[in-house]
Amino acid sequence: CRQLRRRSSVRIIARSVGTILTTKLESSRAASNNISAVQETDQQQQKRVARPDESHVFNIPSDLHASYQPLPLLLHLTVVVTSALIVGRRHLPRLVAPPLSYMVLVQRLLIMTSIREAIFFALRTTLLSTLVKLAIQEVWYMPSRVTTKYLAERGELPSRLSKYKKTIPLAVSTPKSTTHSNAKDAAKKWVEGRSNTSWDNAIHVAPAPVPLGVHLIQYTQQATSNGNSNRHKFDGISCHHGFGASSLSWLPVLPSLVNRLGSSRGVGLAHDAPGFGFTDRPNTNDDNSGGGLYQYGFENNVGIALALLKDALSGSSSTKATNTDDSRSIAIFGHSMGSKTALLMALHCASQQKLRLKPKLVVLVAPALEGVSLPSRPSILPSTGPPKQQSKSTTRKMAHRVRDALLGTPLQYGLRRLVNGTKDFWRKGLMLVWGNPQVLSDSDVPRFAWPSIGKGWEEGIINFTLSRILSSPSVGELSDVQMLKEVAKLKDTQVVIIYGSSDKVVRIEGGVAETLKRLPNVKVVRMSGLGHDPFEEDVDRFLFELEKAIE
C-alpha cells in the first residue's frame, strides 16, 4: 500500500510538473506569436507601394481617399425618389386616390401637370436631391483628413525622402531702410553688412518664433566621388515651392541637383511652407504668443528654411567646408511664389555673418515677383506709435470671428469641393499648367494630390492668402524688384532666372523677359515649349540649361 501511495504521489507530481511546463511552453509560444504578429503589423504598415515611374514618391494608401466617395446606387435612388415625393407632396393625395392603377396614374399626371409644371418639378427635385447628396457626402463620404504625425507614425509619408520634425524658426525680418529718404543707401549698407539698422524696429518687429511641425524632403549626396566637372560645389541647396504646391514638386529634380552641384556629402532640402503641404497649420488666434497670420508670412518661412538647413549641415559628415572662412556655400532655388522667399533668404544670409551661410547661387524659376511679373501693391504708411492694448485685443478677436464666419467655413467648403470633388482635378489642372500637356506623366499627379488628404489644408491656404492681403508693404520696405537688384549686387553671388516660353500662369515671355535681361548681373534662361514648372516637365533639360548658365 505504501509503495502504491508513493507511486501515485510521484505520478501526481509528474503530472503537475508536466502541466506547468506545458502551460509555460504554450505561454511562451503565444508570446512569440504576439511578437511576430506585432512585427508583421509594423512591416505591413511600413510596406509602401513605390511608383515604377518615379522611385521617390509613393501612392496614397488605399485606405485613404483624396476625393469625395460616390454614394451607393441604392442610397442614390432613395434620395432621388424621396426628393421627388417631397417636391410633389401637394399633388400626392390626388395621384394615389383609389381606384389606382398604372394607366390611371399616368392619366392623372397628364391632366394635373403642364409642361411648365413638369420642368419646375424636375428642377426642384434635382436641386433638393443634390443638396441632400452633398450633405450625406459631407457627413459619411468625406475625403480622408489625416495629420502628418499620423502618417509619420504609420510610416506612410508621401516620399522616401520625406521627414517630419519639430522646428523652431530663426527670427527673420523684412529688409527695410532706416528712413524713407535714404532707402537706397541704407539698403546698400544692409546688403554689404556695414549697417545693423537697416530694419526699423518701430515699423516692424518680428514676433518670437513658435515651434512648428514641418514636413520636408531631404537628400544627402552619397560618399562616392562627385563625377561632374562643375566648379560650383555647394554644401547646401534650399528649394522653395510655389502657391498651391508643396515640397514634393522639387522631388524629381532635388537628387540630381545635389549630385551635380553639391559638394562631398552635400545636402539638399525643400520644406512645405506654412499653409501648404503637410507642415502643421499655425494657430492664428493667439497673436500674443508670436502666432497670428505672421507665421504664414515669407519671413517665418525663411526662418524655417534656415533652421532646417543649419540642422542638416551640422548633421552632415562633411568635416570640411568649401570656403576658407569655415562658412558654408549654399544655393537657393525659388519657384513662382517661392522666388520672394529665396531672395529674402539670400539677403538675410548675406547680412547675418554669424549664420556662416554664403549664398553663392540664387535661381528663380518662373518668378512671381511684384513689380516684375505681377502688379505692384501700394505701400502703406507705417504706424507712428504702438497700438493700444484694448484695441489690439478687442479688434483682433472680432476680426477673427468675422473671418471665421464669413470667410472660414464657406471658403473652406468651396475649396474642398473644388479640389476634392473629383479624382481628375489635379490632372486637369496640371494639363493647363504644363507647356505640353502630352508629357504630363502619371507620377506628376500624386505629388500634387498628396497634400489634399492633409487635415486643415483648406484653412492653411486661406490663412496664407489673408496674410498676404493684410500685410501691405510699408514705406521704406524693400520691394520685390529692389530685393532682386540687391541680391544681384551681392559679392560672389550668381543670379539665374529660368522660365518657360509657354507659361500661362506667370507670363514672362515678351516684355517681362526683356526687362529682366536688362538687369545687371542677372542671367535669364528661356526654355522653349515648357510651362510654369520647367524643372518638373523636363528634368534633364532643366539641369543642362542651369549648368550651362552658371558656368
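Checking Asp272 against His241 by side-chain atom types alone, no donor-acceptor pair falls below 3.5 Å. A donor-acceptor contact closer than 3.5 angstrom links the side chains of His532 and Ser336. Inspection of the Asn420 and Arg145 side chains reveals an N or O donor paired with an N or O acceptor under 3.5 Å. His271 and Asn301 share a donor-acceptor pair across their side chains, judged by distance under 3.5 Å alone.
With hydrogens and angles ignored, the 3.5 Å screen pairs a side-chain donor or acceptor of Ser159 with a backbone N or O of His56. Checked by atom type and distance alone, the side chain of Gln494 pairs as donor or acceptor with a backbone atom of Ile550 at under 3.5 Å. Side-chain atoms of Thr148 come within 3.5 Å of backbone atoms of Phe278 as a donor-acceptor pair (strictly under, hydrogens ignored). Within the 3.5 Å criterion, the main-chain N or O of Leu212 finds no donor-acceptor partner in the side chain of Lys166. A donor-acceptor contact shorter than 3.5 Å is absent between the side chain of His240 and the backbone of Ile332. Between the side chain of Gln482 and the main chain of Ser479, a donor-acceptor pair closer than 3.5 Å is present.
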**OP:** Would you check, one step at a time, whether the test side chain to side chain contact (heavy atoms under 4.5 Å, CB included) holds for Ile217 with Leu269?
**Re:** CA-CA 6 Å; Ile217 59 173; Leu269 53 85; over 6 Å; no

**OP:** Go through the steps for Leu64 and Val146 under the test side chain to side chain contact (heavy atoms under 4.5 Å, CB included), then give the verdict.
**Re:** CA-CA 9 Å; Leu64 300 178; Val146 295; 3.9 Å; yes

**OP:** Determine, step by step, whether Lys310 and Leu170 satisfy the side chain to side chain contact (heavy atoms under 4.5 Å, CB included) criterion, reporting the C-alpha distance in whole Å, the side-chain angles of both residues, the deciding distance to 0.1 Å, and the verdict.
**Re:** CA-CA 10 Å; Lys310 285 186 67 63; Leu170 301 184; 4.1 Å; yes

Subject >> Verdict with reasoning, Trp434 to Glu536, per side chain to side chain contact (heavy atoms under 4.5 Å, CB included) >> reply: CA-CA 9 Å; Trp434 256 232; Glu536 295 183 83; 4.0 Å; yes

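The CG atom of Asp235 sits 4.0 Å away from the OG atom of Ser329 when rounded to the nearest 0.5 Å. Summarising the geometry, atom CG belonging to Leu257 is positioned 11.0 Å from atom OH belonging to Tyr219; distances are rounded to the nearest 0.5 Å. To the nearest 0.5 angstrom, Leu161 atom CG is 9.5 Å from Leu216 atom CG. The CZ atom of Phe544 sits 4.5 Å away from atom NZ of Lys548, with the distance rounded to the nearest 0.5 Å. The CG atom of Leu151 sits 9.5 Å away from atom OG of Ser162, with the distance rounded to the nearest 0.5 Å. For the atom pair CZ (Arg427) and CG (Asp444), the distance works out to 8.5 Å, reported to the nearest 0.5 Å.
Pro367 and Val506 make their closest contact through O-CG1, 3.5 Å (heavy atoms, listed as atom of the first residue, atom of the second, distance). The two residues Gly277 and Ser246 make their nearest non-hydrogen contact at CA-CB, 3.9 Å. Counting all heavy atoms, side chain and backbone alike, Arg541 lies closest to Leu530 at NH1-CG, 3.9 Å. Annotation for Leu313 and Leu357: closest pair CD1-CD2, 3.7 Å, computed over non-hydrogen atoms. Shown here for Phe448 and Ala245, the closest heavy-atom pair between the two residues is CE2-CB, 4.0 Å. Considering every non-hydrogen atom in both Trp450 and Glu156, the closest pair reads CH2-O, 3.6 Å.
Proximity of Val365 to Tyr499: side-chain heavy atoms (C-beta onward) are nowhere separated by under 4.5 Å. Residues Leu484 and Leu343 form a side-chain contact, since some pair of their non-hydrogen atoms from C-beta on lies under 4.5 Å apart. Leu546 is not listed as a side-chain neighbour of Val525, based on a closest heavy-atom distance of 4.5 Å or more. In this structure, Arg447 and Trp426 have side chains that are not in contact, with every pair of non-hydrogen atoms separated by 4.5 Å or more. The side-chain heavy atoms of Val267 and Leu309, taken from C-beta on, include no pair separated by under 4.5 Å. Side-chain contact between Lys360 and Asp492 is present, with at least one heavy-atom pair separated by less than 4.5 Å. Side chains of Val512 and Arg507 form no contact here, defined as non-hydrogen atoms less than 4.5 Å apart. For the pair Leu308 and Val214, the minimum side-chain heavy-atom distance is below 4.5 Å.
Note on ring orientation: taking the six-membered ring where Trp is involved, the planes of Phe276 and Phe243 are perpendicular (angle over 60°, cut-offs 30° and 60°).
Between Arg526 and Glu545 no salt bridge is recorded (no basic side-chain N to carboxylate O distance below 4.0 Å). Taking 4.0 Å as the cut-off between side-chain N and carboxylate O, Glu370 and Lys340 do not count as a salt-bridged pair. Salt bridge Asp311/Lys165: present, at least one basic N to carboxylate O contact under 4.0 Å.
Atom NZ of Lys504 has more than 12 neighbouring heavy atoms from other residues, nucleotides or ligands inside a 6.0 Å radius. The number of heavy atoms from other shown groups lying within 6.0 Å of CG (Leu374) is above 12.
Residue Glu458 forms a side-chain hydrogen bond (donor to acceptor under 3.5 Å, both in side chains) with just one option from Gln412, Arg416, Arg281, and that option is Arg416. For the side-chain contact (heavy atoms from CB on, under 4.5 Å) test with Leu261, the passing option among Gln221, Lys233, Glu547 is Glu547; the others fail.
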